[in-house]
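Sharing a structure, written as structure tokens. Questions coming.
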Amino acid sequence: MILESGNDFAALLSRKVRVCIIGAGAAGISLACELDGCGFEVRLFEAGARANHVGDFYEGSATPPHPEPRQFRRVGFGGTTAVWGGRCVPFDPIDFERREYLANTGWPITYDEVARFYPAAMEYCDAGRFDFLTRTSLPGAEAIIRGFKGDEVVDADHIERYSLPTDFGRRYRRQLQKSANVTVMLGLRCLKLNRASGADMIESAEFIDQGGHLHTVRADTFVLATGGIEVPRLLLASDRAGSGFGNVGDCLGRFYMCHFENTLGRIVPHNSPVAFRFERTDDGVYCRRQMRFTPEAQHAHHLPNMVFRLHFPSYSDAAHGSSVMSAIFLAKSALLPEYRAILQQQTQVPASPRLPHVGNVLRDLPGLARFTAEWLFRIRLASRKLPYTLVANADGSFPLEFNSEQTPDPSNRITLREDLDRHGLPQVHIAWRVGDQDAQAVLRAFLLLRESLGRSGAAQLLLDDELLAGQIARSIPLGHHMGTARMASSPRSGVVDGDCAVFGLPNLYVASSAVFPTCSHANPTLTIVALAIRLAQHLRSRLVS
Ligand SMILES: Cc1cc2nc3c(=O)[nH]c(=O)nc-3n(C[C@H](O)[C@H](O)[C@H](O)COP(=O)(O)OP(=O)(O)OC[C@H]3O[C@@H](n4cnc5c(N)ncnc54)[C@H](O)[C@@H]3O)c2cc1C
């Protein structure tokens with residue numbers, strides 16, 4: 001059943017339930033779907049309504065270049081999946097290892113304990129089967145650049161897969177509407193968790209509805225699924241007299257990680273074809289090729305986990321000569337603010353004036369018309385959408401995009417401000433920077449990739465050696481919020497245990513990228529969903545008796 005604020009909630013809310021899930025994004029919805037039919041009563045609370053929007057209660061501050069906290073997240077049933085790009089990539093075994101050369105790494109659970117839930121997570125994300133190798137997903141395909149199959153340093157046999165992209169609110173609405181034991185309650189925002197006096201457990205949670213009425217909800221078990229920034233915010237704000245729930249080791253809000261990215265240098269292939277465009281896997285899913293470092297090379301060269309992709313030229317530089325890219329540049333106000341921000345920041349060259357862009361458009365109107373038709377049929381109207389527009393550089397070279405894991409650093413953190421939002425909850429401040437060690441590692445990675453491509457004779461990587469270090473240091477964060485309630489084997493070194501239960505409060509769980517102790521290069525949602533399915537299995541075995 002799905003109920004919206006405005007319905008008479010009072011009778012329902014007065015009844016204690018077994019499980020109260022707070023937040024209906026990818027994590028909360030997949031957890032609720034997994035608990036559908038489990039035999040006990042589950043409530044899924046969402047601050048927003050059916051329609052999705054940028055929440056004014058996400059306002060706060062951040063150290064540049066980190067975007068303001070209200071960007072890269074949405075409020076409403078489905079959460080941020082209403083706007084996500086749909087790139088699905090699993091974590092790698094190395095992400096779970098304690099790597100001596102990267103501080104604060106290592107998970108208390110193994111890769112296999114997460115990997116067994118990836119096939120089901122792939123289904124939730126509509127991303128096909130759990131197979132990320134080129135040779136098996138694209139049988140018979142050419143190498144990414146003809147003549148470059150990778151070597152002992154560079155692995156060129158991986159792909160990333162793309163979701164429809166699936167908006168979890170739309171996709172799983174019907175299942176939850178029909179559920180006999182799960183009730184979704186929209187328009188109820190959690191303001192606080194209450195600890196039982198004299199007991200190590202959460203007794204109730206305070207909610208405010210859209211009419212400003214307060215409600216107290218009692219449950220045996222609570223799950224916070226409010227996203228990687230709202231999880232620490234609620235855990236800190238619920239215990240203002242103390243240091244925050246689960247914060248014995250002073251880890252709550254700390255070790256905040258974002259993937260950082262930039263587009264630097266150009267690959268000049270000596271051979272063709274080059275696998276630059278989206279391809280379809282043999283199970284019909286859009287995918288793109290990646291280049292990355294083998295685990296052995298990561299250990300030998302002390303590299304964080306990262307990937308490289310062949311990229312398109314900067315939209316803002318009219319020298320690309322493309323009518324399509326100039327049209328996108330001129331119409332950038334039509335883009336999501338987050339994509340506009342990336343487009344503006346991700347330029348190594350200053351934006352050209354508008355006139356050369358208008359010239360590009362006028363010179364190739366038929367090309368623009370072909371693109372518009374493709375955009376309409378393959379991007380707007382198709383149920384499985386072409387993820388984004390890829391236009392190759394006119395000179396045959398390919399700018400190189402990387403995105404990288406960030407070393408967990410306690411000084412990158414979410415804290416509460418004195419300023420309150422309109423419901424009286426303290427706003428957040430985000431302190432984030434790319435560490436010198438990570439910037440140096442990415443620099444080494446570019447040089448290693450250049451050597452590897454050079455050895456193969458298949459391509460040349462052109463880099464501006466003098467500028468590269470500075471450019472890497474100015475990389476920008478992607479909108480992935482991770483690590484703020486990290487999983488650990490002891491309360492001294494984290495906030496949740498291997499089952500995602502908050503240390504010291506065994507009836508409070510976290511379903512979110514907040515629990516990631518390290519962040520891989522992989523976009524987070526697939527792993528968020530895998531961990532939510534794993535948590536559902538744990539709750540089923542704990543609560544069914
Ligand atoms: C433009 C963009 C592109 C992206 N592309 C990708 C991509 O390609 N691949 C990828 O893996 N990820 C991508 N992401 C990130 C992805 O959207 C998130 O990883 C994912 O949605 C996180 O799921 P979640 O359930 O943890 O949080 P959310 O989806 O943010 O859901 C949290 C929910 O909790 C609700 N909530 C918050 N506080 C409260 C409260 N106090 N009480 C009640 N409810 C509350 C919110 O309203 C929201 O609905 C992208 C994000 C953006 C913005």
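Reckoned from all heavy atoms, side chains included, excluding hydrogens, waters and symmetry mates. In each ligand, atom 1 is the first atom listed, and ligand 1 is the first ligand listed.
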request  = Pick out which of His521, Arg309, His480, Gln290 makes a side chain to side chain donor-acceptor pair (under 3.5 Å) with Asn403.
outcome  = Arg309

inquiry  = Could you tell me, atom by atom, which parts of ligand 1 come under 4.0 Å of a heavy atom of Asn523?
reply    = 7 (C), 8 (O), 9 (N), 10 (C), 11 (O)

request  = Go through ligand 1 atom by atom and flag the ones less than 4.0 Å from a non-hydrogen atom of Leu234.
outcome  = 41 (N)

key: Contact check: Arg87 vs ligand 1, nitrogen or oxygen atoms, below 3.5 angstrom   = yes

remark   = Partner of Val19 under side chain to side chain contact (heavy atoms under 4.5 Å, CB included), picked from Leu44, Asp220, Leu543, is Leu543

request  = Could you check atom 27 (O) of ligand 1 against the protein and tell me its nearest heavy-atom contact, residue, atom and distance included?
outcome  = Gly227 CA, 3.8 Å

query = So, is Cys190 polar-close to ligand 1, with some N/O to N/O distance under 3.5 Å?
reply = yes

request  = Answer yes or no: does an N/O atom from Ser513 fall short of 3.5 Å to an N/O atom of ligand 1?
outcome  = no

ask   = Do Asp95 and Thr518 have a side chain donor and acceptor closer than 3.5 Å?
value = no

query = Taking the six-membered ring for Trp, is the centroid-to-centroid distance between Tyr256 and His66 below 6.0 Å?
reply = yes

message = Using 30° and 60° as the class boundaries, would you call the ring planes of Phe91 and Trp107 parallel, tilted or perpendicular?
response = perpendicular

ask   = Do we get Arg433 above Phe260's six-membered ring, with its NZ or CZ under 6.0 Å from the centre and within 45° of the axis?
value = no

note = Honestly, for Arg74 the part within reach of ligand 1 (heavy atoms, under 4.0 Å) is backbone

remark   = Nearest non-hydrogen protein atom to atom 44 (N) of ligand 1, with distance, is Ala47 N, 3.1 Å

message = Please classify the Tyr162 to ligand 1 contact at 4.0 Å (heavy-atom distances, strictly less than): side chain, backbone, both or neither.
response = neither

task = Check each atom of ligand 1 against the heavy atoms of Thr81 and keep those under 4.0 Å away; list them by number with element.
result = 21 (O)

ask   = Between Thr407 and Asp438, does any side-chain donor sit less than 3.5 Å from a side-chain acceptor?
value = yes

ask   = Starting from atom 31 (O) of ligand 1, which protein heavy atom do you reach first, and at what distance in Å?
value = Gly25 CA, 3.3 Å

query = Based purely on interatomic distance, does Gly76 place a nitrogen or oxygen under 3.5 Å from a nitrogen or oxygen of ligand 1?
reply = yes

key: Donor + acceptor pair across side chains of Asn262, Glu401 (<3.5 Å)   = no

ask   = N/O to N/O below 3.5 Å, does that happen between Arg73 and ligand 1?
value = no

ask   = If we ignore angles and hydrogens, is there a donor and acceptor under 3.5 Å between the side chains of Asn305 and Asp92?
value = yes

key: Close-contact set for ligand 1 against Ala27 heavy atoms, below 4.0 Å   = 25 (O)

ask   = Any idea which protein heavy atom is nearest atom 51 (C) of ligand 1, and the distance to it?
value = Thr80 CG2, 3.8 Å

query = Relative to each other, are the rings of Tyr388 and Phe278 parallel, tilted or perpendicular (30° and 60° limits)?
reply = perpendicular

key: Ion pair check, Lys16 and Glu41, cut-off under 4.0 Å   = no

request  = For Gly85, counting its heavy atoms only, list the atoms of ligand 1 lying under 4.0 Å from any of them.
outcome  = 3 (C), 4 (C), 5 (N), 6 (C), 7 (C), 8 (O)

query = Do any N/O atoms on Ile528 end up under 3.5 angstrom from N/O atoms on ligand 1?
reply = no

query = When you look for heavy atoms under 4.0 Å from ligand 1, do you find them on the side chain of Ala511, its backbone, both, or neither?
reply = neither

remark   = protein heavy-atom neighbour closest to atom 35 (C) of ligand 1 works out as Glu46 OE1, 3.2 Å

Nearest-neighbour protein heavy atom for atom 36 (N) of ligand 1, which is reported as residue plus atom name and distance = Thr226 CG2, 3.9 Å

request  = Tell me whether the guanidinium CZ or amine NZ of Arg384 lies under 6.0 angstrom from the six-membered ring centre of Tyr286 and within 45° of its axis.
outcome  = no

key: Identity of the nearest option to atom 12 (N) of ligand 1, non-hydrogen atoms only, from Ile29, Thr525, Val529   = Thr525

ask   = What's the shortest distance from atom 34 (O) of ligand 1 to any protein heavy atom, and which residue and atom give it?
value = Gly23 CA, 3.3 Å

inquiry  = Could you tell me if Arg486 sits above the aromatic ring of Phe255, with its cationic atom closer than 6.0 Å to the ring centre and no more than 45 degrees from the axis?
reply    = yes

inquiry  = Do Ser520 and Glu405 pair up side chain to side chain, a donor and an acceptor below 3.5 Å, judged on atom types alone?
reply    = no

query = Going by atom types alone, do Tyr124 and Glu34 pair a side-chain donor with an acceptor below 3.5 Å?
reply = yes

note = Closest to atom 52 (C) of ligand 1 (heavy atoms only, candidates Phe72, Tyr58, Phe57) is Phe72

message = Checking contacts here: is it the side chain or the backbone of Pro165 that comes within 4.0 Å of ligand 1, counting heavy atoms only? Could be both or neither.
response = neither

query = ligand 1 and Ala26, any nitrogen or oxygen pair closer than 3.5 angstrom?
reply = yes

ask   = Identify the closest protein heavy atom to atom 14 (N) of ligand 1: which residue and atom is it, and at what distance?
value = Trp84 CB, 3.9 Å

task = For ligand 1, find out whether one of its N or O atoms is nearer than 3.5 Å to an N or O atom of Ile22.
result = no

task = May I ask you to check if ligand 1 and Gly86 share an N or O to N or O distance below 3.5 Å?
result = yes

key: Salt-bridge contact Asp283-Arg161 (side-chain N to carboxylate O under 4.0 Å)   = yes

ask   = Just distances here: any N/O of Ser512 and N/O of ligand 1 closer than 3.5 Å?
value = no

